[in-house]
Amino acid sequence: MTRSGFGQTRSMSTVFSKIVNREIPGTIVYEDEHVVAFKDIVPFAPVHIIIVTRQEIPGIASLPETGDHLHLLNAAKTIAEQQGLTNGYRLVINQGEDGGQTVDHLHIHLLGGRPMAWPPG
Ligand code: 5GP
């Protein structure tokens, strides 16, 4: 939190941290000590879940040596099983402008429930 020129407190956290901290609504489907997962607001597949680190890591390009990101893949596997994605699924991490990243808070997209095309756009 920082203090603006008008004496109001202003949160500097990402939109994903606001969901994690229940400051804004989100359909949370999984959480543990390291990550939180919720439904994407604009789903591109029958199952489209965002798995985000509790730690505010901006993205793959600025990974610390250790931290919550080390738990993302295990969480993705657990959530995929919970979602019943027995026929397969896709995990996506977008990095930077060319990668199509729009929220600077490290996250994996878990997409499933339909066949995925390749190559991606
Ligand atoms: P990126 O483009 O950074 O890889 O992915 C960001 C994703 O977050 C997008 O798929 C977008 O639909 C989703 N998103 C952005 N804002 C919100 C929000 O407020 N709530 C939820 N549930 N998803 C969001």
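Counting starts at 1 for both ligands and their atoms, following the listed order.
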With a 4.0 Å cut-off, would you call E31 and R22 a salt bridge?
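Looking at R22 together with E31, the answer is yes, because their closest N to O distance falls below 4.0 Å.
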Would you say L106 and V52 make side-chain contact, with heavy atoms under 4.5 Å?
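SC-SC contact between L106 and V52 ruled out.
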Looking at CG of L110 and CG of L85, how far apart are the two atoms once the value is rounded to the nearest 0.5 Å?
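Between atom CG of L110 and atom CG of L85 there are 6.0 Å.
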Does H107 have its ring centroid less than 6.0 Å away from the ring centroid of H105?
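No, they do not, as the ring centres are separated by 6.0 Å or more.
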Can you confirm if the aromatic rings of F38 and F16 lie within a centre distance of less than 6.0 Å?
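Ring-ring flag for F16/F38: true, centres closer than 6.0 Å.
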Enumerate, one pair per line, all nitrogen or oxygen atoms of ligand 1 lying under 3.5 Å from a protein nitrogen or oxygen, stating the separation to 0.1 Å; write 'none' if no such pair exists.
{"from": "ligand 1", "atom 1": "2 (O)", "to": "G100", "atom 2": "O", "distance (Å)": "3.0"}
{"from": "ligand 1", "atom 1": "2 (O)", "to": "T102", "atom 2": "N", "distance (Å)": "3.2"}
{"from": "ligand 1", "atom 1": "2 (O)", "to": "T102", "atom 2": "OG1", "distance (Å)": "2.8"}
{"from": "ligand 1", "atom 1": "3 (O)", "to": "T102", "atom 2": "N", "distance (Å)": "2.7"}
{"from": "ligand 1", "atom 1": "3 (O)", "to": "T102", "atom 2": "OG1", "distance (Å)": "3.2"}
{"from": "ligand 1", "atom 1": "3 (O)", "to": "V103", "atom 2": "N", "distance (Å)": "2.9"}
{"from": "ligand 1", "atom 1": "3 (O)", "to": "H107", "atom 2": "NE2", "distance (Å)": "3.1"}
{"from": "ligand 1", "atom 1": "4 (O)", "to": "N94", "atom 2": "ND2", "distance (Å)": "2.8"}
{"from": "ligand 1", "atom 1": "4 (O)", "to": "H107", "atom 2": "NE2", "distance (Å)": "3.0"}
{"from": "ligand 1", "atom 1": "4 (O)", "to": "H109", "atom 2": "NE2", "distance (Å)": "2.8"}
{"from": "ligand 1", "atom 1": "5 (O)", "to": "H107", "atom 2": "NE2", "distance (Å)": "3.0"}
{"from": "ligand 1", "atom 1": "5 (O)", "to": "H109", "atom 2": "NE2", "distance (Å)": "3.2"}
{"from": "ligand 1", "atom 1": "10 (O)", "to": "D40", "atom 2": "OD1", "distance (Å)": "3.3"}
{"from": "ligand 1", "atom 1": "10 (O)", "to": "D40", "atom 2": "OD2", "distance (Å)": "2.5"}
{"from": "ligand 1", "atom 1": "12 (O)", "to": "D40", "atom 2": "OD1", "distance (Å)": "2.5"}
{"from": "ligand 1", "atom 1": "22 (N)", "to": "K39", "atom 2": "O", "distance (Å)": "2.9"}
{"from": "ligand 1", "atom 1": "22 (N)", "to": "I41", "atom 2": "N", "distance (Å)": "3.4"}
{"from": "ligand 1", "atom 1": "23 (N)", "to": "I41", "atom 2": "N", "distance (Å)": "3.3"}

Quick test of your reading: applying salt bridge (charged side-chain N to carboxylate O under 4.0 Å, His left out), list the pairs with at least one residue in residues 60-82, sequence neighbours left out, ordered by first then second residue.
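Every pair satisfying salt bridge (charged side-chain N to carboxylate O under 4.0 Å, His left out) with a residue in residues 60-82: K77-E81.
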